[in-house]
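Presented below is the structure to which this report refers.
In listed order, ligands and their atoms are each counted from 1.
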Amino acid sequence: MRLNFTDVTMTIDLPVLDNTKETQLPEQLLNRKIYVETYGCQMNVNDSEIVQGVMTKHGYSTTDTPDNADVILLNTCAVRDNAEKKIHERLNHLKYYKKRNKDLVVGLLGCMAERLRADLLGEKNLVDIVVGPDEYRKVPELIENALTGEQGIAVKLSRVETYDDIIPLRTEGISAWVSIMRGCDKFCTFCVVPFTRGRERSRGLQSVVDEVKQLWENGFKEVTLLGQNVNSYRDDESGYDFADLLDACANAVPTMRIRYTTSHPYDMSDKLIETMAAHHNICKYIHLPVQSGSDRVLQLMNRHYTVEHYKERIRKIKELMPNCALSTDIIVGFCTETEDDHKLTMDLMRQVRYEGAYMFNYSPRENTKAWKMEDDVPLDVKTRRLNEIIELQNSISRELNQEEIGNVHEVLVEGPSKKNVMEWQGRTSSNKVLIFPHRDELGYIVGDLIHVKVSRSTSATLFGEIVSN
Ligand code: SAH
Ligand code: SF4
Ligand code: F3S
């Protein structure tokens with residue numbers, strides 16, 4: 001699990017749930033296999049689980065390979081041009097499967113589906129269905145129609161859909177995603193999300209708390225509450241805000257780890273920071289995208305805050321939670337960005353000292369406000385600036401991890417590390433990966449909380465030894 005909003009690809013391999021009993025299903029449906037590939041952010045990861053929840057209810061089973069699938073769905077991202085390029089390339093590969101199996105149904109879901117709509121149906125005679133983020137209840141019906149040769153499209157955005165009643169089909173493991181809201185009303189001038197995911201709407205507080213409790217009862221040890229702007233969450237009926245929701249979750253499952261992403265700096269209230277500080281089980285890690293260190297650029301981006309406001313929020317966070325880790329998103333080369341603006345971004349990075357950052361070249365998106373501004377920073381300048389901030393961030397991350405040596409962290413055990421099965425890994429409350437030699441005799445298992453003392457580090461990883469609990 002990573003808390004990043006990048007163009008990562010991941011496939012989802014899930015056990016088959018027997019929740020088909022309530023509806024009578026035609027025989028031929030029962031053995032159909034669906035394969036889902038997920039691109040983009042964590043909201044998409046959770047949406048893929050929602051789609052698979054819908055599909056298993058309709059008698060489908062899931063598979064972790066396209067080789068034996070009857071239906072291949074790509075859940076897509078549209079945030080930057082290269083995210084969409086990746087999907088076009090992937091579709092090229094899928095031609096092979098379509099040739100092999102004439103009945104194969106290929107579907108595009110998600111933000112790129114919402115953005116390009118019917119244009120995608122023409123794509124290489126390959127795409128059978130196109131479904132936007134608010135229409136996932138229709139996927140089974142669209143697939144049925146596709147099997148009779150009918151292409152289908154469903155891309156209406158909704159003001160109310162939250163999939164509140166659908167049980168996502170989750171991967172095994174100890175960590176679960178829970179979407180608490182959908183859409184975004186912020187309209188940052190560079191961003192396509194308000195167009196692909198529609199208006200902001202929140203689930204009711206009690207329904208979220210019930211889902212989190214259920215996850216705990218089912219053996220999950222960590223939950224991440226998701227939304228494009230979780231801190232503008234609002235339960236319309238009761239008036240509860242995001243701090244109330246966090247507090248309610250933290251109380252309902254006092255030994256489960258609770259995380260959330262993403263927060264908008266404008267809505268980062270004192271009450272929210274105080275609530276985080278008050279609960280040990282709310283992880284001390286905040287992803288707080290700043291985008292730029294220049295007030296002029298922030299205004300052009302319509303971000304609704306100044307650098308001073310942002311720094312003041314950071315001060316408050318560090319005052320109440322000195323060990324709280326911070327990460328951010330930065331866009332370089334936004335319209336009119338000068339060398340001085342770029343230096344201001346680097347200054348801010350040095351002042352805040354983020355544990356990590358996701359850094360991107362600005363990519364103009366059709367229909368956004370910035371689309372009409374001139375994309376006037378040449379690609380070579382963007383790339384040079386991007387490399388500069390990546391290098392700066394790496395050196396800050398290295399320094400911060402160096403300072404960790406000697407610290408003891410409570411770590412949630414995730415299992416053997418990827419490189420060496422003799423070593424296991426876990427994650428700190430501050431969301432850092434900590435690797436330690438496995439000691440069978442101590443009897444801990446995946447999902448346990450243990451204490452580990454850091455003995456060395458790189459810019460990306462901490463290494464240490466288990467200390468007595
Ligand atoms: N809701 C979150 C972010 C969603 S998109 C927030 O407001 O912070 C994730 C990140 O992608 C953004 O934070 C931004 O840094 C980046 N991004 C969005 N649109 C972009 C674009 N047109 N070009 C480059 N990066 C972009
Ligand atoms: Fe996009 Fe801005 Fe909404 Fe984040 S807050 S999803 S960057 S419009
Ligand atoms: Fe991408 Fe849509 Fe998420 S554009 S970042 S998948 S909200």
Side-chain angles (χ1 to χ4, degrees), residues 3-10 37-48 74-84 86-87 108-116 132-134 157 177 179 181-200 226-233 260-268 286-293 297-298 300-305 310 326-335 337 345 354 356-371 373 375 377 379 382-383 385-386 389:
L3 296 181
N4 57 347
F5 278 82
T6 57
D7 311 319
V8 288
T9 308
M10 77 186 70
E37 214 167 84
T38 308
Y39 298 77
C41 64
Q42 284 85 356
M43 301 244 15
N44 258 15
V45 176
N46 188 230
D47 278 0
S48 288
L74 305 185
N75 193 2
T76 63
C77 173
V79 78
R80 283 169 293 276
D81 188 49
N82 57 11
E84 292 195 357
K86 219 182 255 180
I87 302 294
L108 288 186
L109 317 178
C111 291
M112 181 181 171
E114 185 65 46
R115 196 179 86 74
L116 295 173
D134 286 346
L157 289 170
W177 310 106
S179 296
M181 62 189 308
R182 300 182 70 85
C184 180
D185 285 350
K186 287 277 192 280
F187 287 96
C188 302
T189 54
F190 53 80
C191 185
V192 78
V193 172
F195 304 97
T196 61
R197 288 196 166 253
R199 298 291 53 77
E200 192 174 292
L226 293 178
Q228 289 301 346
N229 274 307
V230 280
N231 49 355
S232 64
Y233 169 91
Y260 63 89
T261 197
T262 299
S263 313
H264 193 289
Y266 178 82
D267 298 311
M268 198 73 213
I286 305 177
H287 182 61
L288 200 60
V290 69
Q291 314 298 358
S292 168
V297 174
L298 286 176
L300 273 181
M301 289 176 161
N302 194 32
R303 287 291 289 182
H304 298 289
Y305 54 83
Y310 187 89
L326 294 159
S327 64
T328 199
D329 292 345
I330 292 172
I331 296 179
V332 299
F334 186 66
C335 314
E337 186 190 72
T345 300
Y354 297 103
Y358 303 100
M359 298 160 278
F360 316 99
N361 274 351
Y362 168 59
S363 166
R365 310 309 289 137
E366 214 172 336
N367 285 331
T368 59
K369 268 208 168 141
W371 179 253
M373 302 176 198
D375 176 25
V377 180
L379 183 60
K382 279 183 188 167
T383 304
R385 288 181 190 166
L386 182 63
I389 64 166

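Under 4.0 angstrom from ligand 3, there are no non-hydrogen atoms of M43. Counting heavy atoms under 4.0 Å from ligand 3, residue M112 does not touch it at all.
The shortest separation from a heavy atom of I331 to ligand 1 is under 4.0 Å, placing the residue in contact. A78 counts as a contact of ligand 3, since one of its heavy atoms falls under 4.0 Å from the ligand.
Below 3.5 Å of separation, one finds an N or O of S363 facing an N or O of ligand 1. Remark: ligand 1 and R365 share no N or O pair separated by less than 3.5 Å (distance only, no angle test). Inclusion of S263 in the set of residues having an N or O under 3.5 Å from an N or O of ligand 1 is not warranted. For the pair Q228 and ligand 1, the shortest N or O to N or O distance falls below 3.5 Å.
A donor-acceptor contact closer than 3.5 angstrom links the side chains of E200 and S232.
Not one N, O or S atom of C184 sits under 2.8 Å from atom 2 (Fe) of ligand 2. Here H264 does not reach atom 3 (Fe) of ligand 2: none of its N/O/S atoms is less than 2.8 Å from the metal.
Here is the list of ligand 2 atoms found below 4.0 Å of a heavy atom in K186: 3 (Fe), 5 (S). Which parts of ligand 2 touch R303 is read off a 4.0 Å heavy-atom cut-off, strictly below it: atoms 2 (Fe), 7 (S). Taking a cut-off of under 4.0 Å to the non-hydrogen atoms of C111, the atoms of ligand 3 that pass are 2 (Fe), 4 (S), 6 (S), 7 (S).
The pair R199-D134 fails the salt-bridge criterion, with no side-chain N (NZ, NE, NH1 or NH2) lying under 4.0 Å from an Asp/Glu carboxylate O.
With respect to atom 1 (Fe) of ligand 2, the closest heavy atom belonging to the protein is C191 SG, 2.3 Å.
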